[in-house]
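Counting starts at 1 for both ligands and their atoms, following the listed order. Just so it is clear, the structure is predicted and the values come from calculations on it, not from any experiment.
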Amino acid sequence: MVNLDDVKRARNEIAGMIHKTPVLTSSLLNGRTGNQIYLKSEHLQKTGSFKIRGAANAVKQAVKEGAEFITAASSGNHGQAVAYIADQLGVPAAIVVPEDANRAKVSAIEGYNGKVIYCGLTSAERIPKATQLAEENNGIYIPPYDHPHVIAGQGTLGLELLEQVADLDIIVVPIGGGGLISGILIAIKGINPDIRVIGVEPDTANDTYLSLANKHITAISRTSTIADGLRTSQPGQLTFPILQEYLDDLVLVTEEEIKEAFQFMLERTKQLVEPSGAAAVAAMLAGELGVHGKKIAIVLSGGNVDLKQIQTFLPE
Ligand SMILES: *Cc1c(COP(=O)(O)O)cnc(C)c1O
């Protein structure tokens with residue numbers, strides 16, 4: 001299992017490749033929720049999401065191991081992060097995206113000099129393609145969450161947060177495949193196990209919630225939450241045991257609650273946070289945590305939004 005030393009090593013490896021993102025506050029949010037809220041702002045991170053932390057650590061290790069080519073299978077934030085980092089390290093990258101990938105995301109990957117390869121409509125088709133391309137080109141395929149270097153990289157967010165905010169009571173984190181929260185759990189529980197770490201999933205993408213309840217990895221069928229970074233159908237082989245061991249609680253939010261949080265962030269705090277990134281705010285605003293007078297960090301995990309879609313992210 002990934003440990004605290006792996007996360008500390010990752011931090012040294014990726015220092016200088018990523019931003020130390022700011023922690024924002026909002027007195028309105030404090031007033032609304034009755035807590036002191038700290039917004040860890042990964043929407044202001046390079047490439048627009050925390051995914052660059054894991055990508056930087058994993059791609060750097062791959063290059064050290066002799067990889068001459070990097071591949072990933074994601075049209076989203078992971079694909080962008082891997083393309084950007086490979087470009088920074090001077091290694092060619094191919095990013096396999098679905099045939100219906102949205103133009104804005106494809107342009108972002110191309111903007112980082114990643115070669116875009118279209119393949120099928122599901123990750124079951126894309127992953128073998130990305131793996132095969134890596135094999136053919138003396139390269140390494142970088143998965144989005146279920147990889148020790150990716151998890152350790154995401155954990156650097158936890159180390160940073162502990163330095164930025166003293167005496168935290170709770171950290172709230174959105175869950176897709178669980179790479180982000182696994183890394184944070186390892187960092188936080190290794191340093192101060194009294195800090196509670198709470199995960200958030202959309203109620204329509206509750207695979208981790210079901211897996212924890214069933215005590216084994218449980219897959220759900222394709223879902224359509226607006227929080228596209230949280231649509232994963234099941235937690236990972238590596239991430240799930242970490243969640244089972246350390247996670248304090250997991251709360252579910254509705255689509256409408258995510259939309260209200262998206263609107264709140266944009267209208268009130270002037271921050272453009274993508275729906276996945278607003279999920280933890282949604283849990284807070286909806287009172288799902290049931291706490292008052294606490295110091296709470298909320299992870300705003302990303303801010304990549306196709307502006308043409310904004311209308312569909314707003315409440316009815
Ligand atoms: C990938 C992603 C998540 C989920 O992270 P996991 O490591 O898959 O749990 C959350 N928010 C955003 C913006 C993402 O891109």
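- Under a 4.0 Å N-O distance rule, the pair Glu160/Lys20 does not qualify as a salt bridge.
- For ligand 1, the atoms sitting less than 4.0 Å from at least one non-hydrogen atom of Gly177 are 6 (P), 8 (O), 9 (O), numbered in the order shown with element in parentheses.
- With a heavy-atom cut-off of 4.0 Å, Glu274 touches ligand 1 through its side chain alone.
- In this structure, Leu230 is part of the shell of residues with a heavy atom less than 4.0 angstrom from ligand 1.
- When the options Lys51, His43, Glu42 are ranked by their closest heavy atom to atom 14 (C) of ligand 1, first place goes to Lys51.
- Open room surrounds CD on Gln237; 12 or fewer heavy atoms of other groups in view lie less than 6.0 Å from it.
- With a 4.0 Å heavy-atom cut-off, ligand 1 is reached by the side chain of Asn77 but not by its N, CA, C or O.
- Less than 4.0 angstrom separates some heavy atom of Gly302 from each of these atoms of ligand 1: 13 (C).
- The structure places CD1 of Ile175 at 11.0 Å from CG of Asn206, a figure rounded to the nearest 0.5 Å.
- Near Gly176, meaning under 4.0 Å from one of its heavy atoms, ligand 1 places the atoms 4 (C), 6 (P), 8 (O), 9 (O).
- The environment of Phe313 atom CZ is dense: over 12 non-hydrogen atoms of other residues, nucleotides or ligands sit within 6.0 angstrom.
- In this structure, atom 12 (C) of ligand 1 lies nearest to the protein heavy atom Ser301 OG, 3.3 Å.
- For the pair Ile181 and Leu243, the minimum side-chain heavy-atom distance is below 4.5 Å.
- No side-chain heavy atom of Ile198 sits less than 4.5 Å from a side-chain heavy atom of Leu250.
- Open room surrounds NE2 on His292; 12 or fewer heavy atoms of other groups in view lie less than 6.0 Å from it.
- Considering backbone and side-chain N/O atoms, Leu180 comes within less than 3.5 Å of an N/O atom of ligand 1.
- With ligand atoms numbered from 1 in the order given, ligand 1 contributes 11 (N), 12 (C), 13 (C) to contacts under 4.0 Å with heavy atoms of Ser276.
- No N or O atom of Gly229 sits closer than 3.5 Å to an N or O atom of ligand 1.
- The protein heavy atom nearest to atom 5 (O) of ligand 1 is Phe50 CZ, 3.4 Å.
- In this structure, the side chains of Arg53 and Ile14 come closer than 4.5 Å at one or more pairs of heavy atoms.
- Glu245 and Lys189 are not joined by a salt bridge, as no carboxylate oxygen comes within less than 4.0 angstrom of a charged side-chain nitrogen.
- Proximity to Gly179 (heavy-atom distance under 4.0 Å) selects the following atoms of ligand 1: 6 (P), 7 (O), 9 (O).
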